[in-house]
Amino acid sequence: MKLYLYNSLTRKKQQFEPIKSGAVGLYTCGPTVYNYAHIGNLRTYIFEDILKRVLIYNGYAVKHVMNITDVGHLTGDRDMGEDKMEAGAAREGKSAWDIAEYYTRSFKQDLEQLNVLAPDVWVKATDTIPEQIALIRTLEEKGYTYPTSDGIYFDTSKFKDYTKLSHQDLEALREGARVERNPEKRNATDFALWKFSPQGSKRQMEWDSPWGVGFPGWHLECSAMSMKFLGEQLDIHCGGTDHIDVHHTNEIAQSEAATGKSFFNFWMHGAFLIIQGGKKMAKSEGNFLTLENALMKNDINPLVYRFASFLTHYRKPMEYSDESIEAARNGLLHLQNQVRQITTAGVEAQSSVSAEFQNKFNETINDDLNMPRAMAVIQEMLKSKLSDARKYSTVMDFDRVLGLQLDQLAHDQALPEAVQKLVAARLQARQDKDFATSDQLRAEIEALGYQVQDTPDGMNVVKK
RNA sequence: GGCGGCAUAGCCAAGUGGUAAGGCAGCGGUCUGCAAAACCGCAAUUCGUCGGUUCGACUCCGACUGCCGCCUCCA
């Protein structure tokens, strides 16, 4: 079945065809590990996970690479700020390396909680320094670089297709610049490939290079890593929408200048999460929410957030609020109950997947990952005239893409001892027809975050 | 100032030329000791405003209004 994806390069939905038949190289921009990921960041990783799962669903072998930026990402623009890692280290009184390690682990935990498939290759920027230096060398030989007092820079005026991704008007951009310029730069858009360690101070992260001791520029790592692990010409590169104008634009410039070939065929970007009032989530906005403090702290399953993200298309800003999480929580619980309903008949045994609904579902997700509509297809299927067995098989097939762990529902019944006791007591009370006590116990169970379902087969208690 | 995006029921949100998916909340019903869960049914004569094109527009064009993103660190 044909797969259509929106390509930021052409600003159109295009049919996707990998360079090598049957296999896809996927590169997703990872985090800068100087702080926790917030749920806005996480939205992008969920979008990328859906993309990857859709590729797999369509039968492609996917090789997925994600970078960990642990050096070189500056706090200010114009290549003049502090390194975020060193700043994080100073803030927390730890070494930059400890900071990187700590937040990398935290990030990976978040992805696990959200059931995001791990990439095949994790790469740290600091593990590819030789490759990055080699790339600068190539650019130097080809005449794309120039030195300044603080580093080696890429001359963007020498790369003719510089705006092919951003579609920006550089003249206009220059006029509107409201940031102080680095006077040694030849063009406002030039960027650092290598930064020298500051005079007289010792950085925690620094390396020798042909140009002097220092560290690589932020954009360089992604070029070096993706080429190292995926080759010079690649299929799909993703990231947040904010990366279009600078980060990805610079990656394209340095990569294509170095290889003379077009870099990635598809560029895909996820839209932001915004909170009530329409603001994006960011540290600087003071509305920074992590998975932990937005959901887990309130005893809400992180998969609720995953489910919530399916309700808005990835290219549209997603509204976040307590109400939206509550709606998603109820929505997921409903879906889980629907699946439980068709599981109880003991029909877990394989039945064939409904071809009609599978086609419909496949067609929908293949239309630029239209998850909101896919969710509607699922409801349509669950409310159709299919047998429970077929519904079960079909929804499990869909869950390969959804990743909501719907197959684990039956085994998810382990109740805490306190709840078990209440359940046993309520069972007894009901046998004794002592409904006052029974209702009282039901309220207690629900207060602990569980839902009581009395079915003809007995009492069912599930986590909300 | 430049570039781009968005505006659809109480809330969230698909659809993008042929007469409005789905979810949450709500209401009615079946079931139940009562609830809950599940299931069945109901909910926008209408898609920010004003014009235009068309047999026909939420969908195309223009203007306007409001909101947002990037051009500063950023997913």
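Worth knowing before you read on, the calculation uses all heavy atoms, side chains too, and leaves out hydrogens, waters and symmetry mates. We name chains A, B, ... by the order of the sequence lines, and we start the count at 1 in each one.
Listed by chain and residue number, nothing satisfies the side chain to side chain donor-acceptor pair (under 3.5 Å) test with A:Lys124 (two or more places apart in sequence, or in another chain). Annotation: salt bridge (Lys or Arg N to Asp or Glu O under 4.0 Å) contacts of A:Arg329 (sequence neighbours excluded): none. In terms of the salt bridge (Lys or Arg N to Asp or Glu O under 4.0 Å) criterion, A:Arg11 has no residue partners (sequence neighbours excluded). Partners of A:Asp432 according to the salt bridge (Lys or Arg N to Asp or Glu O under 4.0 Å) rule, which considers only residues two or more places apart in sequence or in another chain, do not exist here. In this view, A:Gln420 and A:Leu415 satisfy the side chain to side chain contact (heavy atoms under 4.5 Å, CB included) rule, not counting sequence neighbours. Residues passing the side chain to side chain donor-acceptor pair (under 3.5 Å) test with A:Tyr57 are A:Asp397, sequence neighbours excluded.
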Dot-bracket for RNA chain B, 5' to 3', Watson-Crick and G-U pairs with both distances under 3.5 Å, [ ] for crossing pairs, | for partner on another strand, reads (((((((..(((.....[...))).(((((.......))))).....(((((..]....))))))))))))....
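Comparing the C1' positions of B:C64 and B:G17 gives an interatomic distance of 24 Å, to the nearest angstrom. Distance noted for atom P between B:G22 and B:C39: 14 Å (whole Å). Comparing the P positions of B:A13 and B:G23 gives an interatomic distance of 16 Å, to the nearest angstrom. Using atom P as the reference point in both B:C24 and B:G41, the two lie 15 Å apart (nearest Å). Atom name P, nucleotides B:C47 and B:C11: the rounded distance is 16 Å, in whole Å. For the P atom pair drawn from B:C58 and B:G52, the interatomic distance equals 14 Å after rounding to whole Å. As rounded to the nearest Å, B:U54 and B:G1 have C1' atoms that lie 38 Å from one another. Comparing the C1' positions of B:G4 and B:A43 gives an interatomic distance of 36 Å, to the nearest angstrom.
Among pairs with a residue in residues 434-456 of chain A, those fulfilling salt bridge (charged side-chain N to carboxylate O under 4.0 Å, His left out) read A:Arg426-A:Asp454, A:Arg430-A:Asp454, A:Asp439-A:Arg442, at least two apart in sequence or across chains. Listed by first and then second residue, the ring-ring contact (aromatic ring centres under 6.0 Å, His included) pairs involving residues 370-390 of chain A amount to none (not counting sequence neighbours). Applying the salt bridge (charged side-chain N to carboxylate O under 4.0 Å, His left out) rule to pairs touching residues 301-315 of chain A yields A:Asp49-A:Arg306, A:Arg315-A:Asp368, sequence neighbours excluded.
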Show the numbers, then the answer: is there a side chain to side chain contact (heavy atoms under 4.5 Å, CB included) between A:Tyr45 and A:Asp110?
CA-CA 10 Å; A:Tyr45 299 106; A:Asp110 284 348; over 6 Å; no
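With respect to the salt-bridge test (charged N to carboxylate O, under 4.0 angstrom), the residues A:Glu101 and A:Arg105 qualify.
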Sugar-phosphate means primed atoms, P, OP1 and OP2; the rest is base. With that split, encode nucleotides 32-43 of chain B 5' to 3' as B, S or - using protein heavy atoms under 4.0 Å.
-BBBBSSS----
When you check every protein heavy atom under 4.0 Å of nucleotides 10-15 of chain B, what one-letter string (B, S, -) results, 5' to 3'?
--SSSS
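For the pair A:Arg11 CZ and B:C3 P, the interatomic distance rounds to 11 Å; values are reported in whole Å.
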